[in-house]
Amino acid sequence: MKVVIVGGVAGGATAAARLRRLDEGAEIVILERSGYVSYANCGLPYYIGGTIQDKGALTLQTPESFRARFNIDVRVRHEVLSLQPQAHTVTVRRLDDGTEYTESYDKLILSPGAKAIRPPLPGIDLEGIFTLRTVEDTLRIREFLEHHQPKSAVVVGGGFIGLEMAENLIHAGVHTTLIQLDDQVLLPLDKDMAGEVHSYLRGQGLDLRLGTAVTGFRRQGSQLETLIGDQPPVAADLVILAIGVAPESQLARQAGLTLGQKGAIVVDAHMRTSQPDIYAVGDAVELTHAVTGQKALVALAGPANRQGRVAADHICGLGQSYAGAQGSSILKLFDMTAAATGLNEKAAQAAGVAYDKAVTYSASHATYYPGAQNMTIKTLFDPQTGRILGAEIVGFDGVDKRIDVMAAAIRAGLTAQQLTQLDLAYAPPYSSAKDPVNMAGYVIENLRGGLVRQYHWDQVATLPDDGSVTLLDVRTPQEVEAQGLLRPDALHIPLDSLRQHLDQLDPAKEVYVNCYSGLRSYLACRILSQRGFRCCNLSGGWRFWSYAAQDRVHDATPTHLCGIPAKDGGCTK
């Protein structure tokens, strides 16, 4: 059996290695257009910024090591020009000399990946404008930084690559402006969760321009000017385009393979295309979303690797199927971490999935052990069954392991009640006896069980101001002095004295309660509800509202849930 693989990065390289482990006698050929194979796309920005010093660390294998270990014929700088499905051949060009030849196959695996989007804007091909997708792109940008010593840069696009590039440019001492068309960065997050990220990035020195459209580029002396409509242009020494990626499916299109949304290659559960001897994996394929069951595009390394393995298994007669992806992702932003898995609100609404949500604010480990840092967790769930549909986390220490637990819970179809029952590892340096994941489950179960009702940050401004309802703030005087009231018409009664001042509340009026994080206001609602008051708790508290509804300076990760740093006394034990 002869298997030809087009593309030798995540999906292609994984498929090749798996094929060899399953079939020692197979002839395996990898055709890779770039000069590198099996390289770490996700590590490229960190080489540019100097966090990764050795460029050799970016390549997991070389053609020579593939040949020595796996007996695989890897041909770099060989571009596949066309496919001939009926003849079972591909036409290949050697980029070093321009000659062409035909390669036959019994099975073909397409792993072309995705291409960086370069919109047809005026001046987009000017020198000093870069995209980042391959090792060659990385070396060009790194060489530019070393030889030109730029003082300023513009990054266009606020996704993973754009934000990682912005961070690494700032680490390299380059003043960086990031321009994003949407009103938020990191679209896997909902906008309310992205608010804290925006605040933190600006605090790190990033000039963040949201809701801004780039209309072109021009050279002005030694600098490039990024044009943004009728606003003044942004001058910089270099520009990084990180607008997004699109499936690189031109070969499939020309060969008549069935394509789906955004031109992605349609495959079945075994990664077969509409031609039974041609498989496709990675960023170029359309897959099934594991939560909604609907078709989706997920351009991430983990799914690409799993798809490569499934394709190899099926070629070798094993009955493996790909179960879909849920888009689990994580990003380091200086010291902050942002992560998501499953559905966010935008995706749930687009898919027509019924959901409710809970926002919790938990410490990464026991607060009495030094170094605890808080994280914001937003969890989407099915209001009827309690099944977990998605999670987003923004914080510092411990975000990664919580998002992984949530990802596993979503894949297993766990409910909020089952989250409360998870037996997670605990010691004071690592967690609390009730882990943040457990706490998310408890809060959801309180909501579903009717122990508390909630209102959300975007409803604060629309609450009546005619005196027909009561806004109650139960934070401490110290907090209110430092942070201000949610609204000027709010009544302030600290939680610990609430029972002694119930006469200040009108039982005929619904009470909308807030504290800093949502915990003490929940306790207030339990007090009031059991005394006949109708009560709603502000989900996520004043803190979440302040990031979602306005642009404020980021907290210095306090260890108390009130937002007052421990050195200033805090407010909780």
What's the verdict on side-chain hydrogen bond (donor to acceptor under 3.5 Å, both in side chains) for Thr376 and Arg543, showing C-alpha distance, side-chain angles and the deciding distance?
CA-CA 10 Å; Thr376 306; Arg543 179 185 183 278; 2.8 Å; yes
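- A donor-acceptor pair under 3.5 Å links the side-chain atoms of Asn344 to the main chain of Leu187, judged by distance alone.
- Thr51 contributes no side-chain N or O that, together with a main-chain N or O of Gly49, makes up a donor-acceptor pair within less than 3.5 Å.
- At least one donor-acceptor pair under 3.5 Å links the side chain of Arg487 to the backbone N or O of Leu463.
- With contacts defined as side-chain heavy-atom distances shorter than 4.5 Å, the pair Leu163/Val155 does not qualify.
- Without hydrogens or angle criteria, Thr138 side chain to Thr134 main chain gives a donor-acceptor distance under 3.5 Å.
- Just one of Val437, Ile393, Ile444, Asp356 meets the side-chain contact (heavy atoms from CB on, under 4.5 Å) condition when paired with Thr379; it is Ile444.
- In this structure, Phe334 and Tyr200 have perpendicular ring planes: the angle between them is above 60°, well past the 30° mark.
- Residues Ala153 and Leu169 approach most closely at CB-CD1, 3.8 Å, considering heavy atoms.
- The two atoms that bring Gln307 and Gly282 nearest to each other are OE1-N, 2.7 Å, heavy atoms only.
- Minimum interatomic distance between Pro45 and Glu164 (heavy atoms only, all atoms of both residues): CG-OE1, 3.5 Å.
- In this structure, the side chain of His492 does not engage the main chain of Leu472 through any donor-acceptor pair within 3.5 Å.
- In this structure, Phe66 and Phe70 have tilted ring planes: the angle between them lies in the 30° to 60° band.
- With Gln184 contributing its side chain and Leu186 its backbone, the two residues share a donor-acceptor pair below 3.5 Å.
- Side-chain N or O atoms of Gln417 include none that pairs as donor or acceptor with a backbone N or O of Gly386 at under 3.5 Å.
- Taking OG1 of Thr131 as the reference point, atom CD1 of Ile161 lies at 10.5 Å (rounded to 0.5 Å).
- Asn305 places no side-chain N or O within 3.5 Å of a backbone atom of Gly302 that could act as its donor or acceptor partner.
- Between the side chain of Arg475 and the backbone N or O of Gly484 there is at least one donor-acceptor pair closer than 3.5 Å.
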Just do the side-chain hydrogen bond (donor to acceptor under 3.5 Å, both in side chains) check on Thr476 and Glu479 with the steps written out, would you?
CA-CA 5 Å; Thr476 65; Glu479 290 174 87; 3.1 Å; yes
